[in-house]
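Atoms within a ligand are numbered from 1 in the order they appear, just like the ligands themselves.
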Amino acid sequence: MEQHRRTATCGELRGTDAGRSVTLNGWVHRNRDHGGVHFINLRDRYGVTQVVIDDDAPKELAAIAASLKFEYVIAVEGVVRNRPADMVNDQMPTGQVEIAATAVHVLTASETLPFMIDDKSDAREELRLKHRYLDLRSFSMQRKIRLRHDVSYRIREYLNGQGFLEIETPTLIRSTPEGARDFLVPSRIQRGSFYALPQSPQLYKQILMVSGFDRYFQIAHCFRDEDARGDRQPEHTQIDIEMSFVGKDDVFALIEAMLTHVFDTTLGKSLSTPFPRIAYDDAMDRYGSDKPDLRFELPIQDFAPYVAGSEFKVFASTLDSGGSVKALVVAGSADYSRKQITDLEEVAKTYGAKGLAWMKVTPDGLDGGIAKFFTDRSDAICAGLGAKPGDLILFVADTWKTACTALGAVRSRIGRDQELFDPSDFRFAWIIDFPLFEWNDDEQRWEASHHMFTMPQERFIDSMESDPGAVKGDLYDLVCNGVELASGSIRIHDPAIQRRIFSIVGFPEEEAQQRFGFLLEAFRYGAPPHGGIAPGLDRLVMLMAGESTIREVIAFPKNTVGVNPMDESPAAVDPAQLAELGIAIVDDQR
Ligand code: ASP
């Protein structure tokens with residue numbers, strides 16, 4: 001490479017460089033032959049520069065130019081010149097100039113590509129992932145990977161400025177109780193024993209607090225063996241943070257300032273802080289989700305006040321059995337067809353609703369669907385719900401949670417279908433006052449809704465055992481545009497409270513000792529009050545890049561079934577490797 005090493009990148013030359021002799025290195029992005037004149041678009045990470053081989057070029061040069069195919073790696077020697085006025089391309093940063101080539105060297109050839117390297121690739125995602133090295137060459141992927149780098153860099157810059165230390169915690173650990181399944185790694189030396197890959201550095205960061213590192217962070221890889229669904233990856237990256245001697249207000253202020261710095265320095269966007277705080281119950285009631293998209297309003301409303309005395313028995317009996325009837329007024333949508341309403345009903349059903357009732361508001365009152373049961377009170381309904389002629393009203397009657405969640409999903413769908421929001425907007429909020437425990441119906445027991453180390457709110461400490469369902473935790477989520485961006489909590493540092501939590505969730509003391517006795521032991525030697533949070537880096541960058549899947553912002557992601565089509569992991573291993581570990585695979589036909 002000594003010989004043909006570049007003296008400029010493909011993104012830097014401007015009109016002021018005219019007359020310079022340069023060498024460029026890069027990939028052949030396009031090669032057009034216009035009646036004997038070759039126009040080669042040469043591409044590297046920094047941009048594209050037009051190279052011209054004039055029609056009076058020496059034969060050998062013209063022959064090389066004609067032989068160049070997509071993605072050949074070449075070195076071009078030549079002179080920078082201004083393009084003729086009618087050929088200037090304002091869309092390209094280098095569009096003022098071109099290189100009049102005096103020599104072209106092929107450094108490596110390329111086989112025929114499985115897909116074109118284009119900004120908007122229409123190749124199937126599976127093919128893009130199989131040839132990720134090609135996919136990553138596109139400017140759109142390069143921009144996203146660059147953004148990810150910039151975001152990590154700005155996070156480190158900010159936290160370092162605030163006195164945080166980045167401390168690595170181990171990847172081979174004892175299993176962490178975060179609620180998901182662990183990935184296990186067999187030990188060869190301690191045959192029959194296993195490490196777990198961390199679901200998060202949770203226990204280690206808490207121990208670092210005991211050690212006095214009162215401001216810790218780590219951009220940490222986390223591993224969770226969950227069923228592949230939606231946008232999950234078996235491994236993801238968290239901005240893991242823990243602080244001592246803090247309350248949730250301190251955590252919120254830190255994260256708000258950190259994100260303000262990141263958005264300002266990477267996207268040039270200013271965020272308005274403090275982010276609103278919404279209690280979990282209110283978020284569910286109003287938006288039907290604990291990660292509401294606040295870029296549009298479309299609130300869910302309570303329909304219970306209009307049910308008494310109506311002939312529509314489904315609503316009345318739902319209320320009698322302690323359930324809820326929720327309504328969504330969709331402005332100007334009375335023209336929705338049956339088909340459109342059925343589609344929305346399918347959405348509601350996916351979230352557990354038995355159906356989606358509806359009525360329309362016309363200038364003459366309520367009409368269609370279940371309207372006939374409510375005509376006697378149409379004025380009160382319209383006034384109460386703020387419904388106007390031309391509006392569509394949708395209903396779900398079920399348990400409170402199902403009614404809210406199902407209608408919340410319908411709300412999101414309508415928001416998307418009707419483009420009720422500005423996609424470039426970022427609407428953050430803190431969701432607070434989560435229940436500390438959730439009832440697991442299958443196992444007929446209470447379980448921690450976040451993890452077992454979360455502090456109950458002070459006012460519930462005395463009544464934890466008598467009414468677990470009512471206990472709110474000192475735990476919080478950060479949400480943005482309908483995405484859960486972070487979870488965190490103030491932790492338990494008092495061994496007595498920790499023991500009570502274990503007993504409420506039916507976690508045997510013995511098992512606690514066995515699995516994380518080291519944390520409980522550490523707490524016996526002066527644990528400071530502490531708390532933390534862990535924003536997901538993948539999701540943050542995904543939102544910032546305007547993407548809807550984290551695969552778009554991970555260099556080498558797995559596909560939707562947890563496979564990396566490029567290296568084809570996971571894969572079978574050599575039987576000798578298994579023998580060494582003392583492991584045998586039992587074929588169970590699955
Ligand atoms: N370890 C938690 C999680 O991964 C985050 C935290 O509580 O800091 O969700």
What I want to check is whether the side chains of [X] and [Y] have a donor and an acceptor closer together than 3.5 Å.
X	Y	result
Glu126	Asn559	yes
Gln218	Thr169	yes
Thr399	Thr402	yes

Ring pair (Phe, Tyr, Trp, His ring centres under 6.0 Å) partner of Phe516, the single match among Phe523, Phe502, Tyr204: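 Checked Phe523, Phe502, Tyr204 against Phe516; only one passes ring pair (Phe, Tyr, Trp, His ring centres under 6.0 Å): Phe502.
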What are the distances between nitrogen or oxygen atoms of ligand 1 and protein nitrogen or oxygen atoms, counting only those under 3.5 Å?
unit_1	atom_1	unit_2	atom_2	d
ligand 1	1 (N)	Glu178	OE2	2.9
ligand 1	1 (N)	Ser200	OG	3.0
ligand 1	1 (N)	Gln202	OE1	2.6
ligand 1	4 (O)	Arg224	NH2	2.8
ligand 1	4 (O)	Gln238	NE2	2.9
ligand 1	7 (O)	Gln202	OE1	3.4
ligand 1	7 (O)	His451	NE2	3.1
ligand 1	7 (O)	Arg491	NH1	2.7
ligand 1	7 (O)	Arg491	NH2	3.3
ligand 1	8 (O)	Lys205	NZ	2.6
ligand 1	8 (O)	Arg491	NH2	2.8

Output all residues satisfying side chain to side chain donor-acceptor pair (under 3.5 Å) with Glu166, sequence neighbours left out; order by chain, then residue number.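 By the side chain to side chain donor-acceptor pair (under 3.5 Å) rule, Glu166 matches Arg156.
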Taking the cut-offs as 6.0 angstrom to the six-membered ring centre and 45 degrees off its axis, would you call Arg411 and Phe296 a cation-pi pair?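 Yes, Arg411 sits over the ring of Phe296.
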